[in-house]
Amino acid sequence: PAPHLGGTSPFSIPKGCTPQKKPDSDAFCALGTISFTPDIILNITVYLFDAIDHSKSTHFHIEAALNGSQPVGLNVTGDGCANVVDKEMAGGMLGMVELCSQTFGDGRGKFDEKSGNWIADVGLKVHAATKIFGKSLSLPVNKVTQAHIGPNYDFGLDAKFEETTGDKKSKGLSIAFDLTFNTKDYSPLIWELDGAVTLHAWWNSLFNFKWKIDLFHKEFPVYIR
């Protein structure tokens with residue numbers, strides 16, 4: 001359960017991080033405020049940084065309001081693009097995954113009476129590309145994913161999908177993308193960020209490679225001052 005405190009507390013995870021540059025310790029920065037007055041008002045922005053240009057990022061901004069443990073509003077917006085994967089893989093393949101977040105509509109959530117959740121859509125653009133043995137493959141993906149906040153501080157943003165292009169017998173590229181950001185143990189003061197990408201590239205009998213890249217795996221508390 002959330003503590004009964006007054007005032008607004010700012011937080012940054014990792015401590016002291018800014019939107020301008022990737023912190024040394026992590027590939028993300030979470031900034032925000034949480035207030036208990038007595039309603040809970042949460043503002044949090046999660047920046048996911050470019051693997052090469054550490055001044056670039058894509059971000060999600062979340063605003064949520066709760067009356068006690070019951071949600072009364074949700075707003076989710078997004079902006080920016082970053083190459084969350086940009087590296088040479090085993091086998092000599094160059095792999096790149098660009099992630100762009102976008103505001104869907106005006107970002108405002110809607111109340112779902114059946115579940116008791118507030119639900120907001122957020123747009124994602126993912127562009128995967130590979131190059132190996134002089135062969136290039138590319139796969140653009142556009143998705144709309146959802147964030148929700150429900151009773152008992154249950155917040156979650158889940159972006160999970162698999163897409164493929166090409167012919168399974170000749171050549172192609174597939175991506176399995178998994179990004180989640182949620183509260184843990186039904187507490188607004190403990191959060192989890194997880195992300196992973198799996199790329200599969202094949203070209204006739206020339207090559208058939210599959211790689212999994214872990215992006216984030218972080219549990220972090222929000223400290224109240």
Side-chain angles (χ1 to χ4, degrees), residues 13-14 17 19 21-30 46-60 78-102 104 121-147 156-182 184 191-220:
I13 311 292
C17 70
K21 187 180 179 184
K22 184 185 88 66
D24 294 336
S25 58
D26 294 280
F28 76 96
C29 173
V46 181
Y47 298 88
L48 311 178
F49 285 93
D50 192 277
I52 302 297
D53 182 350
H54 293 170
S55 66
K56 286 179 60 179
S57 66
T58 183
H59 71 264
F60 302 97
D79 196 18
C81 296
N83 290 354
V84 292
V85 174
D86 196 332
K87 63 187 295 185
E88 183 173 340
M89 315 288 188
M93 185 187 89
L94 298 175
M96 184 276 292
V97 178
E98 181 187 50
L99 173 65
C100 301
S101 56
Q102 300 176 314
F104 189 83
D121 292 329
V122 60
L124 292 179
K125 280 187 175 182
V126 176
H127 180 220
T130 61
K131 187 173 183 180
I132 187 169
F133 303 147
K135 307 295 186 183
S136 297
L137 295 166
S138 181
L139 173 59
V141 181
N142 287 292
K143 288 288 182 182
V144 176
T145 190
Q146 286 190 332
L157 187 155
D158 299 298
K160 298 181 182 181
F161 59 82
E162 293 185 27
E163 292 287 343
T164 188
T165 185
D167 185 323
K168 288 185 177 180
K169 293 184 178 180
S170 57
K171 61 182 179 181
L173 176 65
S174 71
I175 182 172
F177 186 84
D178 187 345
L179 175 68
T180 60
F181 181 58
N182 56 270
K184 185 179 181 183
W191 294 77
E192 287 183 311
L193 176 66
D194 281 288
V197 174
T198 300
L199 294 174
H200 180 200
W202 64 98
W203 193 295
N204 296 319
S205 59
L206 185 61
F207 61 82
N208 189 329
F209 293 124
K210 193 172 186 178
W211 303 263
K212 182 179 179 181
I213 306 104
D214 290 317
L215 302 175
F216 320 99
H217 181 66
K218 191 81 171 185
E219 177 185 318
F220 54 89

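In this chain, numbering begins with 1 at the start of the sequence shown.
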Heavy-atom pair with the smallest gap, counting every atom of [X] and [Y]:
| X | Y | answer |
| --- | --- | --- |
| Glu88 | Leu94 | CB-CD2, 3.9 Å |
| Leu173 | Ala201 | CD1-CB, 4.0 Å |
| His54 | Asp50 | CD2-O, 3.3 Å |
| Lys143 | Val141 | CG-CG1, 3.7 Å |
| Ser138 | His127 | OG-NE2, 2.6 Å |

Answer yes or no: is there a side-chain heavy-atom contact under 4.5 Å between [X] and [Y]?
| X | Y | answer |
| --- | --- | --- |
| Leu48 | Leu193 | yes |
| Glu162 | Ser174 | no |
| Ile132 | Trp203 | no |
| Glu163 | Val126 | no |
| Lys135 | Phe207 | yes |
| Ser57 | Phe28 | no |
| Glu192 | Thr180 | no |
| Leu124 | Leu99 | yes |

Partner of Ile175 by side-chain contact (heavy atoms from CB on, under 4.5 Å), out of Val85, Val197, Thr165: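 So, applying the side-chain contact (heavy atoms from CB on, under 4.5 Å) to Ile175 and each of Val85, Val197, Thr165, only Val197 qualifies.
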Please work out which of the three classes, parallel, tilted or perpendicular, describes the rings of Trp202 and His200, given edges at 30° and 60°.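 If you compare the ring of His200 with that of Trp202, the planes turn out tilted.
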Parallel, tilted or perpendicular: ring planes of Phe161 versus Phe177, cut at 30 and 60 degrees: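 Rings of Phe161 and Phe177: parallel, as their planes differ by under 30°.
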Once rounded to the nearest 0.5 Å, what's the spacing between atom [atom1] of [X] and atom [atom2] of [Y]?
| X | Y | atom1 | atom2 | answer |
| --- | --- | --- | --- | --- |
| Phe49 | His59 | CZ | NE2 | 11.0 Å |
| Lys160 | Leu179 | NZ | CG | 10.0 Å |
| Asp53 | Lys22 | CG | NZ | 12.0 Å |
| Glu98 | Asn83 | CD | CG | 5.5 Å |
| Leu215 | Asp26 | CG | CG | 12.5 Å |
| Lys171 | Asn204 | NZ | CG | 8.0 Å |

Would you find a donor on one side and an acceptor on the other, under 3.5 Å apart, between the side chain of [X] and the backbone of [Y]?
| X | Y | result |
| --- | --- | --- |
| Thr130 | Gly95 | no |
| Asp86 | Met96 | no |
| Thr58 | Ser101 | yes |

Other residues, nucleotides, ligands: >12 heavy atoms within 6.0 Å of Lys125 NZ: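 No - once you tally the heavy atoms of other residues, nucleotides and ligands closer than 6.0 Å, there are 12 at most.
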So for atom CZ, which belongs to Phe216, do other residues, nucleotides or ligands contribute more than 12 heavy atoms lying within a distance under 6.0 Å?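 Yes, the 6.0 Å shell around CZ holds more than 12 heavy atoms from other groups.
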